[in-house]
Amino acid sequence: MKMYGRVAAGNGSDPNDRHYSRKLEAEIKRMRPEDLDRLLRDEDGDDDTEDA
């Protein structure tokens with residue numbers, strides 16, 4: 001367990017105390033798989049980007 005556990009931040013906060021939003025969870029579940037994939041890959045969907 002220790003090998004895979006998160007290390008404490010050192011400032012007294014619990015490393016597992018993350019904010020969790022049921023509203024966001026519901027919104028993500030309603031998303032199309034393609035849109036979720038694009039979001040997770042940090043692709044904004046704009047086709048106007050140019051490779052210099």
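- For M31 against L39, the heavy-atom pair with the smallest separation is CE-CD2, 4.2 Å.
- Linking Ile, Leu, Val, Met, Phe, Trp and Tyr whenever their side-chain heavy atoms come within less than 4.5 Å puts L40 and L24 in one cluster.
- A salt bridge between K29 and E25 is present, with a side-chain N of the basic residue lying under 4.0 Å from a carboxylate O of the acidic one.
- Around the CD atom of E34, the shell of radius 6.0 Å holds more than 12 heavy atoms that belong to other residues, nucleotides or ligands.
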